[in-house]
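Okay, so here's the structure we're looking at.
Quantities reported herein were computed from a predicted structural model and do not represent experimental measurements.
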Amino acid sequence: MAAVRLQDVAAAAGVSQATASRVLNGSSRVPGEGVADRVRAAAADLGYVPNAQAQALARSSTGVIGLVVHDVADPYFSSIVRGVQNEARAAGKLVLLASTERDFDIERQSVSTFISHRADAIILAGSRQSGDLDRDLEKEFAAYRKNDGKVVVIGQPLPFGAAVEPENFAASAQLAEALVGEGHRRFAVIGGPGNIRTSVDRRNGFVDALARHGLTPEIEVAGDFSRDGGYSAARRLAAALELQPSHGTPPCVFAVTDVMAIGAIAAWRGLGLQVPTDVCVAGFDDIPTLRDHFPSLTTVALSLVEIGERAVQLALSDSAASQSLHEYAPGTVVLRASSALSR
């Protein structure tokens, strides 16, 4: 059976094809209510499915927001996705999602695809890398923005859009201050990749705050931004510090993400070490899955869902100033059992 065409609907409603198109594709130029009702009734009777591309042309909008994240399986990003979807749904927009697995070639390809599909806005969620990779993106976005496309970054700002940036440096410094206040004097750091700015900012904020108290980490190790990255780094750290069960004052280890901290705890458990008796640990992000982990994890809480919602608000704002706005999302230190020193 042949697909129902727009001209079939127009004939059934007794109107021109142009009038039927204006009614069904959402044009601001609509005929009288009686005519519009006839066209919609004819379309329903015939089972006509409007063409999305034609609707986009008529409305000058596709109703689509493109969202690019590094890893949709990571609770950090899935929480941001939830916020983006919440706000987009409230605005009557559809979210198209791309997960890059931290491959910046895939990120650029995803952006190019969203641009070719005339997305109303594109949101990039995740830490940036400086240099040629971002300059390539800037070229992609130049023509897009000239055609009224909106760009928002969740993370470090770029020169071609608005940004909602977590206060990684300042919040990590606040965490260090809180742990020193709890009585900790021995520290170590599990960092992420050195080319990822979020990892660097969190490590630097923490270490700089320790320095103000005359303290330095006994060791720093690094791994991938993942549970397995934290697991591997924690085993290397335990060997370097010669950690043993019930042996002296436990060091406090700062892992730059909660996911890495969870992997670290699993690694130490496998070595017969208990948290916080033999080693203390703190993370960053306060991801939702922490409520299921024992012991409860000291961390920095970010309002990840609200960050996603705010990114959509900036992306859909009609204000010219909002398209280059740089906002900060503060973090809140949450002290829990994983960093508790026995008295």
Is atom CZ of Arg236 surrounded by more than 12 heavy atoms (other residues, nucleotides or ligands) closer than 6.0 Å?
-> yes
Counting N and O atoms only, with roles assigned by atom type, does the side chain of Ser79 sit under 3.5 Å from a partner on the main chain of Pro75, one being a donor and the other an acceptor?
-> yes
Grab the two heavy atoms, one from Val221 and one from Ala233, that are nearest each other, plus how far apart they are.
-> CG2-O, 3.6 Å
Return the minimal non-hydrogen interatomic distance between Ala238 and Leu273, and the atom names on each side.
-> CB-CD1, 4.4 Å
Side chains of Val68 and Ile123: closer than 4.5 Å at any heavy-atom pair?
-> no
Got a donor-acceptor contact below 3.5 angstrom from the Lys150 side chain to the Val312 backbone?
-> no
With rounding to the nearest 0.5 Å, note down the distance linking CZ in Arg185 to CG in Leu179.
-> 10.5 Å
Val200 and Val259: same hydrophobic cluster, using ILVMFWY side-chain contacts below 4.5 Å?
-> no
Without hydrogens or angle criteria, can the side chains of Thr257 and Asp285 be said to hold a donor-acceptor pair below 3.5 Å?
-> no
Just wondering, more than 12 heavy atoms not from Arg82 lying within 6.0 Å of its CZ?
-> no
At what distance, to the nearest 0.5 angstrom, does CD1 of Ile122 lie from OG of Ser110?
-> 9.5 Å
Taking C-beta and beyond as the side chain, do Glu220 and Arg203 meet within less than 4.5 Å on heavy atoms?
-> yes
Under the ring-ring contact (aromatic ring centres under 6.0 Å, His included) test, which residues partner Phe187, sequence neighbours left out?
-> Phe206
Going from CZ on Phe169 to OH on Tyr328, what distance comes out if it is rounded to the nearest 0.5 angstrom?
-> 12.0 Å
Between Phe254 and His184, is the gap from one ring center to the other below 6.0 Å?
-> no
Tightest non-hydrogen contact, residues Leu302 and Pro166, listed as CD1-CB, 4.0 Å
Hey, are the side chains of Trp268 and Val275 touching, using non-hydrogen atoms and a 4.5 Å cut-off?
-> yes
Expected output: side-chain Asp71 to main-chain Ala73 donor-acceptor under 3.5 Å | yes
Quick check: does any side chain N or O of Arg118 sit under 3.5 Å from a backbone N or O of Ile115, one acting as donor and the other as acceptor?
-> no
How far apart are the closest heavy atoms of Gly331 and Ala171, and which atoms are they?
-> CA-CB, 4.2 Å
According to the side-chain hydrogen bond (donor to acceptor under 3.5 Å, both in side chains) rule, which pairs have a member within residues 159-177, sequence neighbours left out?
-> Glu165-His326, Asn168-Arg202, Glu177-His213
Measure the CG-CD distance between Leu325 and Gln313 for me, rounded to the nearest 0.5 Å.
-> 11.5 Å
Consider only side-chain heavy atoms of I, L, V, M, F, W and Y, link residues closer than 4.5 Å, and tell whether Tyr76 and Ile307 are in one cluster.
-> yes
CZ on Arg102 to CG on Asn195, rounded to 0.5 Å | 10.0 Å
Ser339 (side chain) donor-acceptor with Cys280 (main chain) under 3.5 angstrom = no
Could you give me the CA-CA distance, side-chain angles and deciding distance for Leu304 and Phe77, then say whether side-chain contact (heavy atoms from CB on, under 4.5 Å) is met?
-> CA-CA 8 Å; Leu304 297 170; Phe77 290 107; over 6 Å; no
Joint cluster assignment, Leu271 & Met260, ILVMFWY side-chain distance < 4.5 Å = yes
Side-chain heavy-atom pair Lys93, Val64 within 4.5 angstrom cut-off | no
Hey, does the side chain of Thr100 reach the backbone of Glu107 with a donor-acceptor pair shorter than 3.5 angstrom?
-> no
Ignoring hydrogens and geometry, is there a side-chain-to-backbone donor-acceptor pair from Asp120 to Gly63 under 3.5 Å?
-> yes
With sequence neighbours excluded, tell me which residues meet side-chain hydrogen bond (donor to acceptor under 3.5 Å, both in side chains) with Gln274.
-> none
Heavy-atom side-chain contact between Asp286 and Arg336 under 4.5 Å = yes
Are Leu243 and Pro251 close enough that some pair of their side-chain heavy atoms sits under 4.5 Å apart?
-> yes
Roughly how far apart are Leu335 CG and Leu297 CG, rounded to 0.5 Å?
-> 11.0 Å
The side chain to side chain contact (heavy atoms under 4.5 Å, CB included) partner of Ser338 among Thr298, Thr299, Val253 is Thr298
Examine the side chains of Thr113 and Ser116 and answer whether a donor and an acceptor come within less than 3.5 Å of each other.
-> no
Linked, directly or transitively: Val256 and Val333 (ILVMFWY side chains, under 4.5 Å) = yes
Flag the pair Ser317 / Leu314 as yes when at least one side-chain heavy-atom distance between them is below 4.5 Å, and no otherwise.
-> no
Decide yes or no for Val152 and Leu124: does some side-chain heavy atom of the first lie under 4.5 Å from some side-chain heavy atom of the second?
-> no
Would Val84 end up clustered with Val305 when hydrophobic side chains under 4.5 Å apart are linked, directly or stepwise?
-> no
